[in-house]
Amino acid sequence: MKIVAIKRKLFRMFILLIVSLVSHIFLQANAVALDKETHYLLNQKIVVGTNLDNYLKVNLGVTNGIKEEFDVKTVLEWVKEGGKKEDEPIYLRSVNHFHDPLATSLSDAGFSGFWFTDFLSGSSSIQWSQYPLGAQTMQVLGSGNYSWYDVRDYYYKALTSVNNLDRGNNYAETFRWLGQLMHLVEDMSVPEHARDDGHYADERSEII
Ligand SMILES: [Zn+2]
């Protein structure tokens, strides 16, 4: 091969390398975590797109389905609200929204704290969603209890309460829990949440 042809080939490879580097640096799309408003809208889209409305009417006798009001909000509003509330108060519940499926044990699968220091570390979201009855609020004071065991309790009370106010309050908590649990599942679609990658200063996403 002639020297000129070799030089031309090398030049083309060099240009290709530069184009690849530039496009990698400037054109890549960041996979950011979801902010509270996004969870709110996702929950709305999911509830409206599923059979929940019909299920409530046919199986539970909830006449207005997702438009039924319990404790001043509709079912749909409670589920949307739950999507937001799972991130409140800031920094505290969200440290429990991580799960690394490659971790060697469940106890090591959660968030390992700010910059891996153990400061504000959390449980794996699989564990967090299954905390014992009443245990979540002991870890995150005043933020409520929305584990699987808590909702079974709310749901049971909603179905068996003879007092209309208690029934309404427990249904409200049941549907808020549904929204809070949906938030945990949605977070698993974010690469940072399915690893141990904290995110601290991106205004587009939830913090941590
Ligand atoms: Zn979250």
Side-chain angles (χ1 to χ4, degrees), residues 29-50 52 73 75-103 105-152 154-155 172-208:
N30 288 328
V32 295
L34 310 170
D35 66 5
K36 290 198 289 184
E37 206 54 44
T38 308
H39 283 291
Y40 183 85
L41 294 172
L42 270 175
N43 282 9
Q44 168 168 296
K45 189 93 180 157
I46 294 164
V47 167
V48 171
T50 60
L52 182 63
K73 285 193 174 85
V75 169
L76 178 60
E77 284 167 339
W78 277 119
V79 178
K80 291 194 291 183
E81 178 98 351
K84 266 186 176 176
K85 292 283 185 190
E86 185 53 37
D87 271 341
E88 296 175 8
I90 190 168
Y91 291 124
L92 299 179
R93 288 186 77 90
S94 57
V95 296
N96 302 297
H97 295 179
F98 290 72
H99 178 75
D100 179 356
L102 300 180
S105 73
L106 196 52
S107 57
D108 289 331
F111 179 54
S112 64
F114 276 56
W115 295 284
F116 314 104
T117 59
D118 238 19
F119 175 64
L120 280 177
S121 60
S123 301
S124 148
S125 60
I126 306 283
Q127 289 180 308
W128 177 243
S129 66
Q130 296 176 70
Y131 262 35
L133 192 68
Q136 284 189 349
T137 203
M138 288 192 277
Q139 181 174 325
V140 183
L141 289 177
S143 68
N145 293 300
Y146 298 99
S147 79
W148 170 244
Y149 296 101
D150 296 309
V151 74
R152 280 163 56 102
Y154 297 138
Y155 190 37
E173 289 288 66
T174 301
F175 293 115
R176 176 175 162 180
W177 165 84
L178 181 60
Q180 303 220 183
L181 186 74
M182 286 162 72
H183 177 127
L184 298 183
V185 177
E186 289 155 9
D187 273 352
M188 288 296 97
S189 69
V190 177
E192 288 162 329
H193 279 272
R195 290 163 181 75
D196 184 14
D197 292 342
H199 32 280
Y200 314 109
D202 191 330
E203 77 283 358
R204 294 168 296 176
S205 67
E206 75 175 308
I207 297 172
I208 300 181

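In each ligand, atom 1 is the first atom listed, and ligand 1 is the first ligand listed.
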(request) Just to the nearest 10 degrees, tell me the angle at the Zn ion (ligand 1) spanned by His183 NE2 and Asp187 OD2. (result)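 Taking the Zn ion (ligand 1) as the apex, I get 100° for this pair.
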(request) Just give me the atom name: the N, O or S atom of His97 closest to the Zn ion (ligand 1). (result)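 Closest N, O or S atom of His97 to the Zn ion (ligand 1): ND1.
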(message) Regarding Glu86 and Lys36, does a basic nitrogen lie under 4.0 Å from an acidic carboxylate oxygen?
(response)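 No, this pair does not count.
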(message) Please determine whether a side-chain nitrogen of the Lys or Arg among Lys80 and Glu77 lies less than 4.0 Å from a carboxylate oxygen of the Asp or Glu.
(response)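 No, this pair does not count.
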(request) Answer yes or no as to whether an N/O/S atom of His193 is found below 2.8 Å from the Zn ion (ligand 1). (result)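 For His193, the answer is no, given that no N, O or S atom comes within less than 2.8 Å of the Zn ion (ligand 1).
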(message) If I compare all heavy atoms of Leu178 with all of Leu52, which pair ends up nearest, and what's the gap?
(response)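 Heavy atoms only, the tightest pair is CD2-CD2, 4.2 Å.
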(message) If you compare all heavy atoms of Tyr146 against all heavy atoms of Glu173, which two are closest, and at what distance to 0.1 Å?
(response)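 Heavy-atom minimum between the residues: OH-OE1, 2.8 Å.
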